[in-house]
Amino acid sequence: MFTSVSSMIFLVLIACQCVSSGDVLEIFPEFKEMKQELKAVKSEMEKQKNKANSNVAFTYMSHADLNNVGVGQKIIFDRKVLDTSSSYSTSSGIFTAPVKGYYYIQINNIVGWKSQACYLSINKNGNREVSTFADDQWDTSTTSAVIFLNKGDRISFENRGYKGYTCTIDKESNVVDSHN
């Protein structure tokens, strides 16, 4: 039943409470080593858990063309393709950073069929970081940025308006984010 005499003696000593756990570590040095190894394994597991929780990635698109997107209007993508952190809200169109770090953020725009121009921006906490411009039907544009975000910072996407135009954004447009 027991694999070694030292294991059996350890169990007997603990069961009768003849010695303290500190005394057992002195009597059986291999248990002290095992305790240190266990502590190291627990520490490494915690590091890996924290690293896994910091990997963030999402891609969203729209179910349909976004018609008559007004100047200053937030762009909301409602069709989830991938979202590892559930940090993008399909009701507000806002991504909230779950962890501090550098994020790669990209918006791809295809101007829809009845539009004159789309001038879109990526905003951090309400302030424009970068913009992209597409003019004429089926024109495409992409912009991306690496942006440092603190936990809780918010990213949104909006029509900046070109000469006051509303725009139509084709449903194949999308937004991509990643942090590793």
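Listed here is the closest heavy atom pair of Glu158 and Gly72: OE2-CA, 3.3 Å. Asp83 and Ser86 make their closest contact through OD1-N, 2.8 Å (heavy atoms, listed as atom of the first residue, atom of the second, distance). Nearest heavy-atom pair across Arg160 and Val71 is O-CG1, 3.5 Å.
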Side chain to side chain contact (heavy atoms under 4.5 Å, CB included), that's the test. Do Lys151 and Val99 meet it? Break it down for me. CA-CA 4 Å; Lys151 181 177 180 176; Val99 294; 5.7 Å; no
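Remark: Ser87 pairs with Ser85, Phe95, Pro98 by the side-chain contact (heavy atoms from CB on, under 4.5 Å) rule, at least two apart or across chains. Among residues two or more places apart in sequence or in another chain, the side-chain hydrogen bond (donor to acceptor under 3.5 Å, both in side chains) test is passed with Gln73 by none. Residues passing the side-chain hydrogen bond (donor to acceptor under 3.5 Å, both in side chains) test with Asp153, sequence neighbours excluded: Asn125. Partners of Ser144 under the side-chain contact (heavy atoms from CB on, under 4.5 Å) rule, at least two apart in sequence or in another chain, are Tyr104, Gln106. Residues forming a side-chain hydrogen bond (donor to acceptor under 3.5 Å, both in side chains) with Thr143 (at least two apart in sequence, or on another chain): none. Applying the side-chain contact (heavy atoms from CB on, under 4.5 Å) criterion to Ile94, with sequence neighbours excluded, gives Lys74, Ser92, Thr96, Arg154, Ser156. For Thr84, the side-chain hydrogen bond (donor to acceptor under 3.5 Å, both in side chains) test picks out no residue, with sequence neighbours left out.
Using a 4.5 Å cut-off on side-chain heavy atoms (C-beta onward), Leu120 and Phe157 make no contact.
A distance-only check finds a donor-acceptor pair linking the side chain of Tyr88 to the backbone of Phe77 [under 3.5 Å]. In this structure, Ser89 contributes its side chain and Ser91 its backbone to a donor-acceptor pair below 3.5 Å. Put simply, the side chain of Lys124 gets close to the backbone of Phe148: a donor and an acceptor are under 3.5 Å apart.
Separating the CG atom in Leu149 from the CD1 atom in Ile105 is a distance of 5.0 Å, to the nearest 0.5 Å. Here the straight-line distance linking atom CZ of Arg79 with atom NE2 of His63 works out to 6.5 Å at 0.5 Å rounding. A distance of 7.5 Å separates CG in Leu66 from CD1 in Ile75, rounded to the nearest 0.5 Å.
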